[in-house]
Engineer: 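The structure that follows is given in the form of structure tokens.
From a predicted model like this one, the values you see are computed outputs, not experimental measurements. We name chains A, B, ... by the order of the sequence lines, and we start the count at 1 in each one.
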Amino acid sequence: MSDVLVNEIRRGFYLDSVALMRLSREVAGAEGVIEAALMMGSPSNLAIMRDAGLIEAGCDARPNDLVLGLRARDAAAAEAARALALEGLDRPRASAAAEDWRPRSIAAATEALPAANLALVSVPGDFAATEARRALGRGLNVLMFSDNVALEDERSLKLEARERGLLMMGPDCGTAILNGTPLAFANRVARGAVGIVGASGTGIQEVSCLVSEAGRGISHAIGVGGRDLKHEIGGITTMMALELLDADPATDRIVLISKPPHPEVAAAVLDRIAQSAKPHVVCFIGADPMDLPPGATQAFTLHEAAEMALDGARIGAGFSPDAAPRDMQGERRAGRIEGLFCGGTLAAEAQIVLRRAGRNPVSNAPVPGVAHVGDGAAGDRVLDLGADEYTRGRPHPMIDPSVRDEMLARALGDDAVGAILLDLVIGFGAHDDPAGQTAEVLAAHAGPRPPVVASVTGTAADPQDKARQAATLRAAGIVVAPSNAQASALAVTLAQTARAEAAS
Amino acid sequence: MPADTSQTPSGAARLLTEKIAVVNVGLDGFVADLRANAVEVVHVDWAPPAGGDPEMAALLARLGG
């Protein structure tokens, strides 16, 4: 019997991409379904569905139509899955409490909520700049989670925001904590005196969580968007954020996290830092040692940045990355390190740790000095699974780690792998139970496997509870390190010791 | 542009001292997270404007605010 293909188009029906991906997974997991997707009918989405064989030739869906495509083993399964999908589309959305009146525009929303001081914009990138302009025009600060926004739009939005005395965080700003409120992908951290300015969402998350779990706290963490320190943008939001935290009485020290900025932007930022009486920690992940103004210190990893913000207190003092834990599971063998990351900056930090230990990793998102994964080297591999090539048409692995599950399953069975290195990022926005899902992959594996080392970026106060996540990982035979840098260092130890043992 | 685009010069600084109140435009899932943190939030019932054509939508926004 041949597969059955079902297409259905709902004209003028919109659902956000995360809600659609969740529903797609639910339908794809139904009995007898081979593959399924629900997407808005943009040209790029239609191309993805066509490549997957999920739409018929001549599909005339338009960008504001919702498209269901599914392939099932037989007509009965197809019909059941179709009914499930349609029922899912009509399910009330999370935001729709019974008393809710939902305005159709930002203007109407600000009238309904005159105290509003921030717009959280996460519409598709093509439309994000237009909505952000509307928000700025209404006197709202903007946190723009959307990506795929043109650089010239980013620049003009940031200039307009500065002109209006407003903060334009993003595009591609994943994380902020303002006045104790976690926004987008952020964690419930303790309040305190450490201020953070970050061009990296997972960088902010790791540092804020390490500081919080060490008993100190965060005043504010201001996300600026991944491109703010590029030459074209000139650090407009970073400079405003540094000014704000410098003037903020609740902040007594400031941590700045970014990829290495453009040299002219770096010089301007360091000039601003030199004017401040507050101590600064500068963490430009992948940068060479720099001359910094007095009062500023350079951190080369997120772990170091957090320790410096803690006046040099050791994080994870009871953990030794220099020796394999006695109860470690997995077969010690010579092999490469396979790093499978959800967090881009955590993948960058792992590369720094591996490089400092004299190893030569390759990566799809290489830091300066690391080769691209496509260049053919057979050594350690550090993959950022949140990069575009892994998230085309699928959810980011922080929302749904399935893309990593498949790669983890392969790495467990690969006898060329000497250690597997993972990050788990919890908090608001993230998957409900990433540790449980990872544990299932290990449980499904039969036969020998290499050791697996992980860290959990989060806090005990997060909805997923860091301690519970760590316990689930340990029960699955995974070594849990106190930080991503320490997990990376332990992976190096395991690979190097195994190499020495294999040579002797 | 609407007539009442009053500038808020200290809007950025007030973000660090005032209670955060959010207009959410886009992902529905953020609303529940914000409410879990006791943040006042209004969710805009957004759909792609102008039949999903971004250029037309931007043009309409410039014309009509």
Side-chain angles (χ1 to χ4, degrees), chain A residues 12 14 16-19 40-42 62-64 93-95 100 102-107 109-110 112-113 115-124 126-127 129-131 133-135 137-141 145-146 164-167 178-179 181-184 220 240 244 247-248 250 428-429 463, chain B:
Chain A
Y14 179 77
D16 73 58
S17 57
V18 173
M40 295 304 297
S42 67
R62 292 185 300 256
N64 59 344
R93 307 267 72 86
S95 64
D100 260 5
R102 292 155 60 108
R104 300 294 296 268
S105 68
I106 288 175
T110 52
L113 183 60
N117 49 15
L118 178 76
L120 176 47
V121 177
S122 56
V123 299
D126 283 343
F127 301 97
T130 297
E131 298 303 334
R133 261 184 210 108
R134 289 193 168 113
R138 289 271 156 184
L140 298 177
N141 298 280
F145 184 78
S146 315
R164 293 177 182 274
L166 298 168
L167 259 188
L178 298 173
N179 210 5
T181 301
L183 295 161
H220 312 279
M240 284 182 73
L244 286 169
D248 174 38
F428 294 100
Chain B
M1 299 289 286
D4 63 341
T5 53
S6 56
Q7 289 204 359
T8 315
S10 58
R14 295 213 320 265
L15 208 49
L16 305 194
T17 54
E18 286 178 353
K19 203 166 158 37
I20 302 295
V22 174
V23 172
N24 187 55
V25 196
L27 300 178
D28 191 84
F30 285 145
V31 174
D33 288 345
L34 289 165
R35 289 191 176 142
N37 284 300
V39 176
E40 262 199 295
V41 54
V42 173
H43 180 68
V44 175
D45 191 12
W46 188 90
D53 178 344
E55 285 176 25
M56 186 62 75
L59 182 64
L60 287 174
R62 277 201 294 278
L63 292 173

Engineer: Give a yes or no answer on whether the side chain of Asp33(B) reaches the backbone of Phe428(A) with a donor-acceptor pair at less than 3.5 Å.
Structural biologist: no
Engineer: Assess the residue pair Val25(B) and Ile106(A) against the criterion (side chain to side chain contact (heavy atoms under 4.5 Å, CB included)); give the C-alpha distance rounded to whole Å, side-chain angles, the decisive distance to 0.1 Å, and a yes or no.
Structural biologist: CA-CA 8 Å; Val25(B) 196; Ile106(A) 288 175; 3.8 Å; yes
Engineer: Apply side-chain hydrogen bond (donor to acceptor under 3.5 Å, both in side chains) to Asn24(B) and list each qualifying residue two or more places apart in sequence or on a separate chain.
Structural biologist: His43(B)
Engineer: Would Arg104(A) and Trp46(B) satisfy side chain to side chain contact (heavy atoms under 4.5 Å, CB included), going step by step from the backbone distance to the final call?
Structural biologist: CA-CA 6 Å; Arg104(A) 300 294 296 268; Trp46(B) 188 90; over 6 Å; no
Engineer: What pair of heavy atoms forms the shortest contact from Val123(A) to Gly26(B), and how long is it?
Structural biologist: CG1-CA, 3.8 Å
Engineer: Excluding sequence neighbours, so at least two apart, what forms side-chain hydrogen bond (donor to acceptor under 3.5 Å, both in side chains) with Asp45(B)?
Structural biologist: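 Asp45(B): no side-chain hydrogen bond (donor to acceptor under 3.5 Å, both in side chains) contacts found.
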Engineer: So how far is it from Asp248(A) CG to Thr17(B) OG1, rounded to the nearest 0.5 Å?
Structural biologist: 8.5 Å
Engineer: Could you look at Val39(B) and say if it's the side chain, the backbone, both or neither that has a heavy atom under 4.5 Å from chain A?
Structural biologist: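 Answer is side chain: those atoms of Val39(B) sit under 4.5 Å from chain A.
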Engineer: Test side chain to side chain contact (heavy atoms under 4.5 Å, CB included) on Val41(B) and Leu113(A) and set out the steps.
Structural biologist: CA-CA 8 Å; Val41(B) 54; Leu113(A) 183 60; 5.7 Å; no
Engineer: Are any side-chain N or O atoms of Ser122(A) and backbone N or O atoms of Leu27(B), one a donor and one an acceptor, separated by less than 3.5 Å?
Structural biologist: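 Yes.
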Engineer: Any chance you could measure Ile20(B), atom CD1, to Leu118(A), atom CG, to the nearest 0.5 Å?
Structural biologist: 6.0 Å
Engineer: Which pair of non-hydrogen atoms, one from Ala184(A) and one from Phe30(B), has the smallest distance, and what is that distance?
Structural biologist: CA-CE2, 3.6 Å
Engineer: Give the member of Ser42(A), Ser105(A), Ala112(A) that has the highest number of heavy-atom pairs under 4.5 Å with chain B.
Structural biologist: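 Ranked by heavy-atom pairs under 4.5 Å with chain B, first place is Ser105(A).
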Engineer: Of all heavy-atom pairs between Ala109(A) and Val23(B), which one has the smallest distance, and what is that distance?
Structural biologist: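 Of all heavy-atom pairs spanning Ala109(A) and Val23(B), the closest is CB-CG1, 3.7 Å.
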Engineer: Given the options Ala119(A), Pro103(A), Ala116(A), which has more heavy-atom pairs under 4.5 Å with chain B than any of the others?
Structural biologist: Pro103(A)
Engineer: Checking Asn117(A) side chain against Lys19(B) main chain: does a donor-acceptor pair fall under 3.5 Å?
Structural biologist: yes
Engineer: Examine whether an atom of Leu15(B) lies under 4.5 Å from a heavy atom of chain A, and if so say whether it belongs to the side chain, the backbone or both; otherwise answer neither.
Structural biologist: both
Engineer: Quick one: does Asn179(A)'s side chain have a donor or acceptor within less than 3.5 Å of a partner on Glu18(B)'s backbone?
Structural biologist: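 The answer is yes, because a donor-acceptor pair under 3.5 Å joins these two groups.
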